[in-house]
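Worth knowing before you read on, the calculation uses all heavy atoms, side chains too, and leaves out hydrogens, waters and symmetry mates. Convention: sequence-line order gives letters A, B, ...; per-chain numbering from 1.
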Amino acid sequence: MIELFGIPIDTLTIVLGIITLVIIGIVTLLALFNAIFFKIGVRNIPRRRMQMVLIVFALMLSTTLLASVLATGDVLTATVQSVAVYNWGGVDELIEGGRGPLNLFRDQVYYGLVNRTRNYPDIMAVGAALKESDLLVADQTSRQVRSAVTALAVIPGSEKGFGGMQNTTTQQTLSIAALKPDQVYLNQTVAQLLNAHAGDTLYIYSSRWPGRRYTFSVAAIVNNGGLVGDNPAMLSQLRTFHTIEGLDDEINEVYIANRGNGLSGITLSDQVAQTIHHWFPRLNVIQVKVQGVQNSQKAQDIFSRVFALFSLFALAIGLLLIFLIFVLLAAERRAETGMARAIGVQRRHLIFMFLFEGTVYDLLSSFIGLLFGVGAGYLLVSLLEPIMERFNFPLKLTFQPRSMIIAYCLGVIFTFVAVALSSWLVSRMTVVEAIRDLSETGRSNLSLGEIGVRLLQVLGIVGRGERKAAASAKRKTAIRHALRRVRRVLLEHIPDIFVSLVRELTRMGFLPLLGGLLLMQAGLENTQVIPFSLGLSLVVIGGGLLIKALVEQLLLFISWRRSGGYFQERKNMAAGFFALLIGLPIVAYWALPFDILASLGLPRFQGGIEVFFVAAMMMVLGAAWMIVMNAKFLLSPLLRLCAQIPGVYAIARLALAYPLHRRFRTGLSIVMFSLVVFSMTVMAVVTNAMQNSYVDINTQTGGYDIQATAFFKSIPDIRTSLAQHGINPQAFSAIGVRSTTSVGVIQLSSSTPRWTLYPAQIVSGGFLQGYGLHLMARASGFASDNAVWQALQTHTDYALIDSSALPYNPNIALNTSVYDPSTPQAADAGAPATPPSFDPRLTFSLSGVYQGDTVFAPTPIWVSSLEGKQAIKLTIIGVVDNSDSAHFGLYIPRSSYSTTGVGTTDNISTDPQSYYFKVAPGQDKRALALALGSAYLDDGLETTVLEDAIWQVRGPRILLSNVLLGIVGMVLLLGVAALAITGTRAVVERRQQIGMLRALGCSRRLIQGVFLLESFLVGALGSMLGVILGLILARNIFAANFFEQYQTGLAFSVPWPQIGLIIGVAFLASLFGALLPSWQAGKVAPAEALRYV
Amino acid sequence: MAYAKRYISLYMLILVLSICLASCSVFSGGQSTTGPLRVQQAPPARLTYVAIGASDTYGVGADDPPSENWPADLTMKLGSDVRLVNLGIPGAHAHDALNFELPVALDSHPDLVTIWLAVNDLADNVPLDSYAHDLDQLLSKLLASAPHARVLVANVPDLTLLPHFQSYNTQALRNQIQAYNTTIATIVQRHHVVLIDLYQDWRELASHPEYISDDGFHPNAIGYSRLAEIFYQALQKNGL
């Protein structure tokens, strides 16, 4: 990984490392100076083994989660960067920029550079070649044709610094010098495409030599890499192409390899490029590998953003798990803490004891978690290996030590913060509260007036202390007393007063209101959605709390005249009502599509993908707060229902008693459940969209299996001629023909009609039956896609157009461009938004139909072609999905194009005609592709198996989609384990309660039933909340057009089977977690449980 | 107790409604309609103006051809609620206009038509007879199908004033221009449409080199603005 949440990973490592060392240092020092409390704290570990195992396991899970996510991030980064290495082999810089059509310059540049770099350590190798592009190669032996092949005529010996060339069969290193003038090496890519082998005879054609062809024999097939990368390429001696081109000593490319291997050389690229430019100012130095890495990062940016979101969810789950474990631990120790306080242990000593115990747990668990995390990463990569092998992707799993350090440090810091916070909360309880285990809601807060009085008292203590010190006869004792007083005032009284003040101002809503307004202003000034929305939420919270405080005062006033219980009863009701009053707007606001603000007259806010994480947290917290505070009312129907069933009421009543009494802890458990299920739901929706878009090959090929292009001459009636060429036409279930041309288009129904240009695809056969094309929208009047296809076959004046011709609807903010301004443009990400090689200003754009429309009015257009005879009027009745940027064009039925006299088969296109075959069930598409190429060799028919081509082009994306899927799987496993631990601890920590119930006469079966029902209710509520909120957020991610749906094809759809699986697994986890301990709890003897051994 | 029950019921109602509303927003899907094929219509306008022409009509030479061309400038002068259909095709001859522009022009149901088409034919040495035939056909078909449309035809300006033609034989070019303009005038007269005499009305080109773009051939945005002014004056002069 290079960055985590926008912070460079190196910086993050150093910062986290320092914080961790400081924490460990402080804890060690405290342990040394407070050895007795260290012993007391650590003593708990061996005494409560079951508890220790659970805590260690939970902490380990958190570290595992962090480590595995970071390890996966390394895989992701390595994948993205490896694409550049994959494409460019060993070349770091390229020198070009000569003259003429071939951009020639003299080979003296190469020799001069070789001499200069002898004493220049940053350059490891220099190579040079005459490069010829866009060659057509026909293999006479395998009878296959391949276009767009590059020939590198290399200066002999110059290839050696780039690793030479390895024979794919013998792995022997080969040299250019060993080649005869009529011999070439083929790289693996072109050899696979041509089905070529050593000894094959090749014919080479080029538009530079019309009417001529050259014959070569294949000397060997060599590995990709070195000078040629993975593009289809052949290598020859320089003099071979010098002879063909009639040249003497010219070349057109010089290659530089920097010191280091693979990607390590790119750090030197700037310096090397500057030096070479200084030596040869007239030539251009292109940092190809640096550019390659940048382009690859832009192209795969979408995965980085999704990964960042997933990581945030994983981190939140990890953090919450740690916090939950320690809150439960602290809660369990309340009575014990009260005892300790009663015998004179000070608050800070309690914090120390807790810290020492937590640190030992942390040190025990983090390393194990780290190892498991690395293991999970290895498992993921090993599962992905078959995919990598599929397209010879050179990905090697390399874990960055930094990632491991970060995972470990984050684990330590999270634990420390959670322990410190929970122990501080426990330490603040009074002795009576702690011993009697009173509810946390029963505590009274100091009013503002009381805080003022307290402050005056503290000042009085300091003053009295000074007078006492002055009066004291013994100077040493006086100083000791004074120091103790100062320490107590500074470390206990003042923080207490400060906390009370903050708490009171927060309780009354002043601080949230002030903070909210400031944040809203900051958000408005910078048009950033996160500060604005957080500010708005705080204003809602502040406003609600203010009203609540006023109502409480009113109730207090009224209660003077009423009975004692009146105030508390009404106050509880008010708390529930205000939780609803605050929680509901917060959930509703964050559940709305973010761009809704723009339609309310506010500026269109911007934000990165982290906005969805914030939204997730706000929604889950808001909803959990709302539900927990109103749990009594929500569950009353259930209790009433249970009251009708004999035997169940007791279980239900007991099962609900604890959640209703301990609302904070119950809330935390619900939040934990919701967050896990929520994260899984969002991840499932996003990865499902990615899998549909990138991994589903059938969707991308549109049903066709083979594409064939005739380079020498077109084949008039391909189906009839198949039999004549010895191929059974029945082997294909559909055949489509497509020619590409450019046409002038004008739409009279637009506001300013004028002629514009657009690519046209003249189609027939299978294309008119729906193969190869997927409709995104259809004209009104057509009830189904099938009706559109039928109409195209029967009407000569109907046409389709691709979705890139549709503009965004300017009246709908949701339909405007992508939400995140840091997102690379679609073209940068390898997906052009307009037809390639067309000037966007002069390119046709359809008026009146917008991106996202599914139904539109049939739209007439006029079409002209310079090769044609007259303009024709067509009506667009469908929009073809072009989210893969591979379907640009106005799709015109061939019959329409030729019968109306606009063009004929012979003159419509300067591009060759392409044929698309869908093979019949049971047929081998690769064998048929080879057979077709062989049969039509004289027509120059190049055949491509579409699945292989998609793998070649989209391999990295497919791989990354699966990496993300792997993360989802890991988070699911770890999240489920976290839920199981939460369920288990909920039982384990209530042994005393169980003992009491057993002592009162409850049967084992009843106790087991109570715990199972409680787990079920918490799990069900949390899961339901998680799924509903998760689906809402996932929809918002797509509604804000975060993934540029119309360019990436990533569309929102609910993967119900996966969602069902998530809910099922979450339920099972919570039940399974509670099952064993509740069974054990039932077996515990009352006396034993009450003694808590 | 009854009060508390009402309270509980209200809470429940609000919660259920909020969940339902939130869920509904998740599952809104697409729509599908069936019915007769009613095609998209052009927006209504007080006057539909169709410009038939070549690169000058298209706006070649300006920085932003779609907005900086003389028909667009003329439309602005014609007032509000005028709809321009710019059929200019760079490099088009009169014959191309007959095949590609006329059918579209007729489909636009024009109220006003301007035709400026001779420069490419002249520069590419299209035989005058052939040009005359095409222009005649164009006007005949146009007037037959859109008899109520007001039609203006522009002739060839003095190309010898343009930098692009500096290397040409000035006298021969001038003779050729005269021949074309005579033919245009004859055809215009035959069809009783309005002639815009750019040869006479745009002689100011000689003193305004800033009207011409860098290619030395096409006007630029300033030149197009001036051209629109000439067309507008001709329209006013003829009471159109």
Side-chain angles (χ1 to χ4, degrees), chain A residues 573 576-577 580 584 587-588 591-593 626-627 630 633-634 636-637 744 746-756 777-784 787 841-842 847-849 854-860 862 864 866 868-873 875-877 1028-1029 1031-1032 1034-1035 1052 1054, chain B residues 4-5 7-12 14-15 18-19 21-23 25-43 45 48 50-51 57-59 64-67 69 71-72 75 83-92 96 98-104 107-109:
Chain A
M573 281 184 73
F577 178 74
L580 198 68
L584 198 62
V587 174
L592 287 172
M626 207 161 56
I627 288 171
N630 292 285
F633 302 116
L634 287 171
S636 59
I746 188 168
Q747 181 187 354
L748 289 179
S749 54
S750 75
S751 56
T752 53
R754 58 187 281 115
W755 286 104
T756 46
R778 58 175 179 265
S780 51
F782 294 93
S784 65
R841 292 180 311 163
L842 311 176
S847 285
V849 191
T854 53
V855 178
F856 62 95
T859 307
W862 283 87
S864 77
L866 290 178
K869 291 172 183 169
Q870 69 178 79
I872 54 165
K873 190 177 183 181
T875 302
I876 294 173
I877 59 165
I1028 293 172
L1029 297 179
L1031 286 177
I1032 292 172
R1035 188 182 181 275
F1052 174 76
V1054 182
Chain B
K5 273 183 183 174
Y7 223 54
I8 293 165
S9 307
L10 184 67
Y11 277 11
M12 294 298 289
I14 292 169
L15 277 173
S18 62
I19 290 167
L21 281 173
S23 307
S25 68
V26 176
F27 305 115
S28 63
Q31 54 175 346
S32 173
T33 58
T34 53
L37 204 62
R38 291 196 302 177
V39 298
Q40 197 183 83
Q41 297 297 321
T48 300
V50 173
T57 305
Y58 187 85
D64 183 31
S67 62
N69 55 72
T75 307
R83 198 162 160 274
L84 167 66
V85 179
N86 187 332
L87 297 180
I89 299 175
D96 299 321
L98 194 61
N99 289 328
F100 300 124
E101 298 185 32
L102 180 66
V104 188
D107 194 34
S108 309
H109 308 291

Quiz item: For chain B, which of Ala857(A), Ser847(A), Pro753(A), Ser751(A) has the most heavy-atom pairs under 4.5 Å?
Solution: Pro753(A)
Practice problem: Report yes or no: does Arg754(A) contribute a side-chain atom to a donor-acceptor pair with the main-chain N or O of Gly88(B) at less than 3.5 Å? | Solution: no
Self-check item: Portion of Thr756(A) that has a non-hydrogen atom of chain B nearer than 4.5 angstrom
Solution: neither
Quiz item: Quick one: CD1 on Ile746(A) to CZ on Phe100(B), what's the gap to the nearest 0.5 Å?
Solution: 13.0 Å
Quiz item: Which atom pair, heavy atoms only, marks the closest approach of Pro43(B) to Ser750(A)?
Solution: CD-O, 4.0 Å
Practice problem: Evaluate the side-chain proximity of Glu101(B) to Ser864(A): yes if any heavy-atom separation is below 4.5 Å, no if none is. | Solution: no
Quiz item: Excluding sequence neighbours, so at least two apart, what forms salt bridge (charged side-chain N to carboxylate O under 4.0 Å, His left out) with Asp96(B)?
Solution: none
Quiz item: Who among Thr57(B), Leu87(B), Val85(B), Asp107(B) has the most heavy-atom pairs with chain A under 4.5 Å?
Solution: Asp107(B)
Self-check item: Residue Thr859(A) versus chain B: region with a heavy atom under 4.5 Å
Solution: both
Quiz item: What is the minimum heavy-atom distance between Pro65(B) and Arg841(A), and which atoms define it?
Solution: CD-NH1, 4.5 Å
Exercise. Please look at Trp755(A) and chain B and tell me whether the side chain, the backbone, both or neither of the residue comes under 4.5 angstrom of a heavy atom of that chain.
Key: both
Quiz item: Under the 3.5 angstrom rule, does the side chain of Gln40(B) hit a backbone N or O of Phe856(A) as a donor-acceptor pair?
Solution: no
Self-check item: Pairing residues for Ser67(B) by the side chain to side chain donor-acceptor pair (under 3.5 Å) criterion, not counting sequence neighbours
Solution: Asp64(B)
Quiz item: With only heavy atoms counted, which part of Leu748(A) is less than 4.5 Å from chain B, the side chain, the backbone, both or neither?
Solution: both
